[in-house]
J.: 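I have a structure here, written as structure tokens, and I will follow up with some questions on it.
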Amino acid sequence: MRHLTVLITFNFVLLLALVQPVYSLGWEDKEWVDAGCPENIIGKWIPKSVAALNGNTVTVSNDQFTFLSETGKTGAIKFKKLSESAIAIVLGLGTRSLPTDKEVLPYLKIRPHLVSANDEPGRNNRSQPECLIKVFRYQNLEQVQPDKYVSWDIYQIKKSN
């Protein structure tokens with residue numbers, strides 16, 4: 001029994017020694033900038049899941065999101081930048097002008113998520129990296145913390161060719 005306790009303790013200490021802290025990718029990080037990713041959220045973003053705004057491309061300007069609605073009309077949601085840091089932007093959405101049948105959570109936190117290469121199996125060349133953002137949705141400002149979000153989605157920048 002004592003041997004088992006020593007073995008478990010050794011494995012636990014080894015695990016703690018090997019664990020490295022994980023930091024969020026920032027808007028100005030070398031990996032993000034070298035991939036040609038934007039320095040902020042302005043641009044055209046393609047959702048990586050159909051659930052995010054029904055799979056429609058979202059265009060972000062200085063103060064609003066523009067997207068295609070379910071009826072095929074162009075919709076817009078105004079936003080106000082509540083805070084901005086090197087790793088995240090927090091936005092408050094103007095949800096009062098939206099139809100009451102649509103539930104849109106009023107607060108977003110957006111941060112660079114990942115830059116990955118799309119390598120095709122069997123090919124020697126590397127494709128361009130993807131610029132991705134992670135969009136966290138919150139019910140209220142007090143919840144804007146890492147573990148308090150209601151939902152999240154991943155978006156990819158649509159680069160012009």
Side-chain angles (χ1 to χ4, degrees), residues 15-16 18-120 127-161:
L15 178 67
L16 287 177
L18 296 176
V19 171
Q20 297 290 323
V22 177
Y23 299 101
S24 295
L25 185 63
W27 298 105
E28 297 174 1
D29 284 356
K30 182 176 179 6
E31 181 182 11
W32 183 259
V33 173
D34 287 352
C37 297
E39 61 187 34
N40 56 39
I41 60 172
I42 294 175
K44 289 188 181 205
W45 295 92
I46 304 164
K48 297 291 273 184
S49 71
V50 177
L53 284 176
N54 299 319
N56 291 317
T57 299
V58 178
T59 302
V60 182
S61 66
N62 286 326
D63 67 345
Q64 76 178 9
F65 298 106
T66 307
F67 56 91
L68 206 58
S69 70
E70 291 173 0
T71 62
K73 294 182 180 179
T74 301
I77 300 175
K78 294 249 184 214
F79 65 81
K80 182 178 180 182
K81 200 177 292 184
L82 302 177
S83 71
E84 184 171 7
S85 71
I87 61 169
I89 298 170
V90 176
L91 304 175
L93 303 180
T95 58
R96 294 177 201 244
S97 63
L98 297 175
T100 55
D101 63 332
K102 296 287 178 204
E103 183 188 359
V104 176
L105 296 174
Y107 299 99
L108 302 177
K109 180 169 75 174
I110 303 171
R111 66 173 175 81
H113 175 59
L114 180 66
V115 178
S116 62
N118 285 332
D119 294 334
E120 293 183 33
S127 60
Q128 285 291 92
E130 295 177 340
C131 300
L132 306 173
I133 57 173
K134 194 166 189 177
V135 179
F136 297 92
R137 292 177 178 80
Y138 299 90
Q139 193 69 33
N140 57 52
L141 273 178
E142 291 77 34
Q143 291 178 335
V144 180
Q145 299 172 25
D147 60 344
K148 300 291 185 184
Y149 57 85
V150 175
S151 64
W152 58 268
D153 286 299
I154 302 289
Y155 289 80
Q156 176 184 353
I157 190 77
K158 181 176 182 180
K159 292 186 178 181
S160 57
N161 294 333

J.: Output all residues satisfying side-chain contact (heavy atoms from CB on, under 4.5 Å) with Q145, sequence neighbours left out; order by chain, then residue number.
T.: D147, K148
J.: Do P38 and W32 make a side-chain contact, defined as non-hydrogen atoms from C-beta onward lying under 4.5 Å apart?
T.: yes
J.: Say you draw a straight line from CD1 of I89 to CD1 of I41; how long is it, rounded to the nearest 0.5 Å?
T.: 4.5 Å
J.: Report the distance from atom CH2 of W152 to atom CG of L108, rounding to the nearest 0.5 Å.
T.: 15.0 Å
J.: Could you tell me the separation between the CD atom of E130 and the NE2 atom of H113, rounded to the nearest 0.5 Å?
T.: 10.5 Å
J.: Which residue pairs pass the side-chain hydrogen bond (donor to acceptor under 3.5 Å, both in side chains) test when at least one of the two sits in residues 80-89, sequence neighbours left out?
T.: K81-E84
J.: For C131 versus G36, what's the shortest heavy-atom pair and its separation?
T.: SG-C, 4.2 Å
J.: Measure the spacing between CH2 of W45 and NZ of K158 and express it to the nearest 0.5 Å.
T.: 13.5 Å
J.: Nearest 0.5 Å please: distance from the CG atom of N40 over to the CD atom of E28.
T.: 10.5 Å
J.: Tell me, please, which residues at least two apart from V150 pass side-chain contact (heavy atoms from CB on, under 4.5 Å).
T.: L105, Q139, Q143
J.: Out of the candidates L82, I110, V135, only one should pair with L91 under the side chain to side chain contact (heavy atoms under 4.5 Å, CB included) rule; please name it.
T.: I110
J.: Name all residues meeting the ring pair (Phe, Tyr, Trp, His ring centres under 6.0 Å) criterion together with Y138; count only those two or more places apart in sequence or in a different chain, and write none if there are none.
T.: none
J.: Provide the full list of salt bridge (Lys or Arg N to Asp or Glu O under 4.0 Å) pairs with a residue in residues 56-65, sequence neighbours left out, each pair given once.
T.: D63-K78
J.: Who are the salt bridge (charged side-chain N to carboxylate O under 4.0 Å, His left out) partners of K30, not counting sequence neighbours?
T.: D34
J.: Taking all non-hydrogen atoms of both residues, which atom of F65 and which atom of V58 are closest, and how far apart?
T.: CD2-CG1, 3.7 Å
J.: Testing the basics here: between W27 and A88, what is the closest heavy-atom pair and its distance to 0.1 Å?
T.: NE1-N, 3.8 Å
J.: To the nearest 0.5 Å, how far apart are CD1 in I87 and CG in D29?
T.: 9.0 Å
J.: Do you know which of R137, K109, K48, K134 makes salt bridge (Lys or Arg N to Asp or Glu O under 4.0 Å) with D153?
T.: R137
J.: With side chains defined as the heavy atoms from C-beta onward, is the minimum distance between F136 and V90 less than 4.5 Å?
T.: no
